[in-house]
Colleague: 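Submitted below is the structure of interest, expressed as C-alpha cells.
Whatever order the structure lists ligands and atoms in, that order sets their numbers, starting from 1.
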Amino acid sequence: MLYENTIAATATSSANGSISVIRVSGKETFAAVSNIFCDGKGNRINLSKYETHTIHYGFICDESNRLIDEVLVLLMRAPRSYTREDVIEIHCHGGHYICEEILQLLLKCGVRIAEPGEFTKRAFLNGRLDLSQAESVMDVIQSKSKLALQNSLQQLRGKIREKIIVLREMILEDVAYLEAALDDPEHISLDDFTERIESHVDYLLTEVNHLIENSNNGRLIKDGIHTVIVGKPNVGKSSLLNCMLRENRAIVTNVPGTTRDTLEEDIRIGNHLLRLIDTAGIHQTENEVECIGIAKSKESMEKADFIICVLNQNESLSEEDREVLSLIEEKDGVILLNKSDLPAALQKEEIMRYSNKKVIPFSAKRGEGLDELEDYLNQLLSDRKMDSKEEIYITNVRQREALLRTKESLEKVEESIQAGMPEDMYAIDLTDAYESLGLIIGETVEEDIIEKIFKDFCMGK
Ligand code: GDP
C-alpha cells in the first residue's frame, strides 16, 4: 500500500437522509474503528478478528462510553475494497451532526479527514482503476440521462482503457522494432518497415479520429444538447419553455448557479438530455429591447447544437422574423408556428419560402403541438446514433485533448514518411503519440495533474 495515513469522510450526501455512510480507508482502519465500536454493554468489539465482507451490528461510543449512535459496520479487507486498502463503512443514522461526531472520534484515533476524491485517488494509485475509469466515477454520479449513465458506466468498466491499450501496444511494438533495428542493423532489417509503419499509422489515425469524432457526441451525451429558443420578442419563447418544462415530467434540475429567470433548464426527451436555453429573458432584462435581443440570440446560437425558432402565426412575417430565419439556416433546428389558437395571419407556405426547416403549428398556451415537437426531437437525436453500446464516447475534455495530441504526433509521422525522412525520425513522434495516449489512462500523467483531477471530486468519493 502506498499510504501510511488512514482517512475518513462521509460518503453520502450532506443533506439529512435516513442513513449516512462514513467511509474509512487505510492501514489503521480496523484498529481505529474498533476503538469506538461497542456492544450493547459498552464493551469494545475488536473488528480485526472478523472476516472480510461481513456486517456487524453495534454502537459508536466515545472515550467515556457515551452513546453516539446505533450502527452497522461493513468490513472490507485489502485488497478487496474500493481503494484496495482496508476499508470500513459505518452505516449510521442520517444527519450531519451524527456524522460529525463519529468523524471527530475517528480523528482522535489518528485518522484524518479525506480530501475530496481521495478514496478514488487511492483506488487509482493502488492500480484498481485507471485514470479514465476514475474520471468516470464522477460522471456516473452526475449522470442526468439514461444515455449519460450508460456511457459513464461503460467507461467505469474500463472500455476506454481496453481500446487505448490496444493502440499503445501497436505503437510500442513498432518503436521497439525500430530501435532494435537501428541498434543492430546487421541482424534486423528495416526493409519494408516504412510500408508497415505507414499502414499502422493509417490504422491508428483512423481509430483516433473516430474517437475524436465520437467525443463530440460524448459532450452531447454528458452535458445535454444545447437547444436554443430564438425569435423576436413576444412570439412566445418563454411560454414555450414553460410549456416544455411543465409538460415534461422528467425535469432534471435547474442548472447549478442559475435561477429560473436565467433561462437554462435541463429536460429529458426519451433517453436524451436537452439543455434548453431561452434567449427571450435575456433581452427582457435589458432596456434596448430589440437589437440586444438579436445580438444575444446570435451569440447563443453560435454555441447551439439545435435551434427552436418561434414565430407568431397571428402576425404576418416581419423583417425581424426573416432575419432570425436567415440566422438559423446553418444550424439544425425546427420552426414553431406559435399561437395557433389565434386567427392565422401567417401560413406555413410563406415560411417555407425562407427556410427548409420543419414547421410545426404550436400553441404554447394550450400545449398543442408539444407531442409532435418532442417526437421530432427524439427522432432527430436517435438519428445521431449516440446510443451504440459498441462505440466509445469520450466525454472528458482532458482525455479529448490527449487524443488531439496523439493525432498531431501521428500526422507528423505520416508527413515524415511522405517526405522520405530517415526511419529514426519516426521514433520520436511515435513515442509522443504513445505518451499522449498514456495520458488518457493515467500512465504518463504528472503528479500535479493527478492532484488537480481528484480535487474536482466530491467529498467522500
Ligand atoms: P417571448 O417574449 O417570446 O418570451 O414571449 P412570451 O412567452 O413572454 O409571450 C408573449 C405573450 O404571448 C404573452 O402574453 C403570452 O401569454 C402570449 N402567448 C404565448 N404563447 C401563446 C399562445 O400559444 N397563444 C396565445 N394566445 N398567446 C400566447
Colleague: I'd like to know whether V24 forms a side-chain contact (heavy atoms from CB on, under 4.5 Å) with V87, so could you lay out the CA-CA distance, the side-chain angles of the two residues, the decisive distance to 0.1 Å, and finally the verdict.
Modeller: CA-CA 6 Å; V24 191; V87 168; over 6 Å; no

Colleague: With a sphere of 6.0 Å drawn around NZ of K146, does it hold more than 12 non-hydrogen atoms of other residues, nucleotides or ligands?
Modeller: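 Not buried by this count: 12 neighbours or fewer within 6.0 Å.
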
Colleague: Strictly below 4.0 Å, N to O, side chains only: are E315 and K232 in salt-bridge contact?
Modeller: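 Salt bridge: yes.
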
Colleague: Are any of the N or O atoms of F362 closer than 3.5 Å to those of ligand 1?
Modeller: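 Between F362 and ligand 1, no N or O pair is found under 3.5 Å apart.
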
Colleague: Looking only at N/O atoms, are P233 and ligand 1 under 3.5 Å apart anywhere?
Modeller: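 No; every N/O pair is 3.5 Å or more apart.
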
Colleague: Looking only at non-hydrogen atoms, which of E368, K365, K232, K237 approaches atom 1 (P) of ligand 1 most closely?
Modeller: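 Going through E368, K365, K232, K237 one by one, K237 has the nearest heavy atom to atom 1 (P) of ligand 1.
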
Colleague: Residue-level breakdown please: for D341 versus ligand 1, do any non-hydrogen atoms fall below 4.0 Å on the side chain, on the backbone, on both, or on neither?
Modeller: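 The answer is the side chain of D341.
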
Colleague: Classify the contact between V310 and ligand 1 as side chain, backbone, both or neither, using a heavy-atom distance cut-off of under 4.0 Å.
Modeller: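 None of V310 does.
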
Colleague: Just which atoms of ligand 1 are under 4.0 Å from any heavy atom in S363?
Modeller: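 Going through ligand 1 atom by atom, the ones under 4.0 Å from S363 are 23 (O).
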
Colleague: Can you check whether S239 has an N/O within less than 3.5 Å of an N/O in ligand 1?
Modeller: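 Checking ligand 1 against S239, an N or O pair does fall under 3.5 Å apart.
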
Colleague: Just to verify, what does F59 make a ring-ring contact (aromatic ring centres under 6.0 Å, His included) with, not counting sequence neighbours?
Modeller: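 Y57.
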
Colleague: Mark yes or no for whether S215, through its side chain, and G218, through its backbone, hold a donor-acceptor pair below 3.5 Å.
Modeller: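 No: the side chain of S215 does not pair with the backbone of G218.
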
Colleague: Taking R84 for the side chain and R122 for the main chain, is one N or O donor matched with an acceptor at less than 3.5 Å?
Modeller: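 Absent.
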
Colleague: Give yes if a backbone or side-chain nitrogen or oxygen of L342 is under 3.5 Å from a nitrogen or oxygen of ligand 1, and no if not.
Modeller: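 The answer is no, given that L342 and ligand 1 share no N or O pair closer than 3.5 Å.
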
